[in-house]
Protein chains: 2
Amino acid sequence: MRGRTASPPANRRRLTLGGQTNEGRRAVSDQRGGSPTLEMVAALAGVSRATVSRVVNNSPKVSVRVVERVNEAIASLNYVPNRAARTLASRRTRTIALVMPESTAKLFSDPFLASVTQGIALHLADTDYTLTMLIASDDTPEKTQRYLLGGNVDGALVVSHHSGDHSLGEVSRTLPVVFGGRPLAAGGALTYYVDVDNYGGARAATEHLLGRGLRQHGTIAGPQDMPPGLDRLAGWRDALDAEGLDSTLVECGDFTPESGAAAMIRMLDRGRPLDALFVANDQMAAGVYSVLHERGLAIPANIAVVGFDDNFYGATATPPLTTVRQPSNEMGAKMAEVLVRVIEQRDVPRVTVLPTELVVRGSAG
Amino acid sequence: MRGRTASPPANRRRLTLGGQTNEGRRAVSDQRGGSPTLEMVAALAGVSRATVSRVVNNSPKVSVRVVERVNEAIASLNYVPNRAARTLASRRTRTIALVMPESTAKLFSDPFLASVTQGIALHLADTDYTLTMLIASDDTPEKTQRYLLGGNVDGALVVSHHSGDHSLGEVSRTLPVVFGGRPLAAGGALTYYVDVDNYGGARAATEHLLGRGLRQHGTIAGPQDMPPGLDRLAGWRDALDAEGLDSTLVECGDFTPESGAAAMIRMLDRGRPLDALFVANDQMAAGVYSVLHERGLAIPANIAVVGFDDNFYGATATPPLTTVRQPSNEMGAKMAEVLVRVIEQRDVPRVTVLPTELVVRGSAG
DNA sequence: CTGAAAGCGCTAACAG
DNA sequence: CTGTTAGCGCTTTCAG
């Protein structure tokens, strides 16, 4: 039915395909593992390539009978559409970049980040988007930017603790971008982001300590150039201020256990009374624990401690750490969901804040 | 210089492009952010598209002068080759899949895996390969297989704790695949893999314990259906057997802190004397610590403990954990390196084993 | 060493 | 609802 020699000019491209060249290609394909093409499906189903394409893309305007026939052909041939061809023709890559600043990648072992990433990957697995990991080298931001803007992806997800990279702020004016965590130098109301309620969590943690009658508070805060660091400190401060208590016993770390230990030592050396401590993340709390143990200070008898994150190390510490659980997985999933909506031009709020939850354990019963 | 009207048939495709249609497209491009095309570079440099392509692909047979001219054009136009087009034409995707079984993804917070992933990503960032993350759903292995074999990637990297997935073994006969960790049901000498010296590390750990004069050994082993679990147990056993000591005090966990705690309780309940314990990973060691503390058993005074992994939690535990450091980052990098070599058909050994190193700390001075 | 020509596999108007 | 027709942007023989 499609073997008839076409009448138009003889040097047209498709003609070659209809002739023996087709056989020639077949041989090559075979030895290469030869993925079946849309054209082969069309031939088997007895329809045009356009129709097969429509079926593959779930176009509503194809008769049920044909859809069925095509799907059978697809199944029997084990056909898989070629991504590159699809992208080239449609200008949609169906690819989303997971951008991670190099400095962040180095801290990848951070369970929180890993968990967010996992949430993203798991959510995307159910869509037909593919996730590509992009390490944004700190010293060649143009390379990243070029890649992102080079039509290689439909959108980008940015996870980082040093949130709010400038170069990416620019990118977000051209490409759909969703940030994980409030960007620092937010590009105004122009960026999309998903965050956890750092302020609320910190405040709840502190109020819990307050509820136990504790009055001498201190906090090991996170870096003050990172939104989570800022927001958690603010939550702690406001909870204390509301009670008219002192909120000046603050030492900052950088979210690593070592920095937590160092900050704790500095705080203790200030010699001020202390019976309640809020630590801005569980990793630093681990550092705090070791210092407190060394100094012979009992938790929570001498000092009650509350952390932030809820990774499993806190749960198995001695005593188990009271902490603020943040829905890291959900955060990743939400980021992916928001981005897909933006890409598909569907309606979606620019800011999404996920609730945190206080998990009470032995360190601040 | 290239403006002359072509002489062949008037209904050829390129002709349309040369005419006003070109202008038409330009308008469209401009409003879309219009990435410059190879054709534009060619025009600016006054050469053919083929030549530009050669330059872009570092073909050695282009005169220096032309290379220079083309590169200038590329720079001034800020040209970035279109991946999809490249892939379609060359049949090389320059994309590598990072395959992670869903069950593994759920445990992604495992610092070891995160670190391997990081090593992979960092290594690939220096090549022109792109990394795409693929979660292999446990219940639809065909989907994954189809994707991998559908010509979407040039090769795959498989990381998992349940190493040696069957479906992937098949894939590896058609697509270059490198496994992280010795595959369980190895497809014979046919698979490539990079592993750390689990056996050697476990043996060294045990010999260290032996060197301290300890004689009553026990081990919390990993799952016995996973190569690392098997290999570490074998190393422990052989070290003991070589000294003619008993090697039957074994309890297995599944690498989680909880399972480590449970296994420790079972072991203690067996009521056998014990003064040296080798735990197959640091996470389980965390569980072991909490149980030992509860029972009032001092580390290392009553029982010396050695773990395996060396994540930072072990370092900040009380007492700091003596453990076997495995080069997780390097493992990832090596996997990527091996895969790239396989893809590029360069010579590379099927098996690569990275050395482990004993880190002596307080838990087994 | 360089150019011309022919597609890679798919989508997207545009006609029926 | 379905087929026809042009390409998407790049690589790759094949001739010079």
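In this text, all values refer to a predicted model and were calculated from it rather than measured experimentally. Sequence lines set the chain letters: A, B, ... in the order given, protein chains first and strands last, and positions in each chain run from 1.
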Stepwise salt bridge (Lys or Arg N to Asp or Glu O under 4.0 Å) test for B:Lys334 and B:Glu337: CA-CA 5 Å; B:Lys334 201 72 188 173; B:Glu337 187 189 326; 3.7 Å; yes
Pairwise 5' ranking along DNA chain C for B:Ser48 and B:Ala89, keeping only the more 5' one: B:Ser48
Short side-chain to backbone donor-acceptor contact, B:Thr87 and B:Arg83, under 3.5 Å: yes
Minimum-distance pair of heavy atoms, taken over all atoms of B:Val342 and B:Pro176: CG1-CB, 3.7 Å
CA sep, side-chain torsions, deciding dist, call: B:Arg86, B:Asn57, side-chain hydrogen bond (donor to acceptor under 3.5 Å, both in side chains): CA-CA 11 Å; B:Arg86 228 133 90 108; B:Asn57 293 295; 3.0 Å; yes
Matching residue for B:Ile120 among B:Asn329, B:Leu98, B:Val178 - test: side-chain contact (heavy atoms from CB on, under 4.5 Å): B:Leu98
Residue-level proximity of residues 56-64 of chain A to DNA chain C when a heavy atom falls under 4.0 Å: A:Asn57
Contacting residues from residues 73-87 of chain A, given that a heavy atom lies under 4.0 angstrom of DNA chain C: A:Tyr79, A:Pro81, A:Asn82, A:Ala85, A:Arg86
Cation-pi check, B:Arg94 onto B:Tyr129 ring (under 6.0 Å, within 45° of axis): no
End axis versus end axis in the helix from C:dC1-D:dG16 to C:dG16-D:dC1, the angle rounded to 10°, five pairs used at each terminus: 30°
Spacing of [X] atom [atom1] relative to [N] atom [atom2], expressed in whole Å:
X: B:Arg49; N: D:dC14; atom1: CZ; atom2: P; value: 18 Å
X: B:Arg91; N: C:dA6; atom1: CZ; atom2: P; value: 19 Å
X: A:Glu39; N: C:dC10; atom1: CD; atom2: C1'; value: 11 Å
X: B:Asn152; N: C:dC10; atom1: CG; atom2: P; value: 11 Å
X: A:Glu68; N: D:dT2; atom1: CD; atom2: P; value: 13 Å
X: A:Arg92; N: D:dC8; atom1: CZ; atom2: P; value: 19 Å

Short side-chain N/O contact to D:dG9 OP1/OP2 from B:Thr37, under 4.0 Å: no
Presence of A:Ser90 side-chain N/O under 4.0 Å of C:dT11 phosphate oxygens OP1/OP2: no
Distance, nearest 0.5 Å, that separates CE of A:Met133 from CG of A:Leu157: 12.0 Å
Nearest-0.5 Å distance, CG of residue A:Leu134 to OG1 of residue B:Thr130: 7.0 Å
Touch class at under 4.0 angstrom, heavy-atom based, for A:Val52 against every strand present: nothing
Closest-nucleotide ordering on DNA chain D, the 5'-leading residue of B:Leu88 and B:Arg54: B:Leu88
Modelled atom types, side-chain donor and acceptor of B:Asn82 and A:Arg91, under 3.5 Å: no
Test side-chain contact (heavy atoms from CB on, under 4.5 Å) applied to A:Met335 and A:Leu339, step by step: CA-CA 6 Å; A:Met335 286 175 68; A:Leu339 181 57; over 6 Å; no
Heavy-atom neighbours of A:Arg65 CZ exceed 12 at 6.0 Å: no
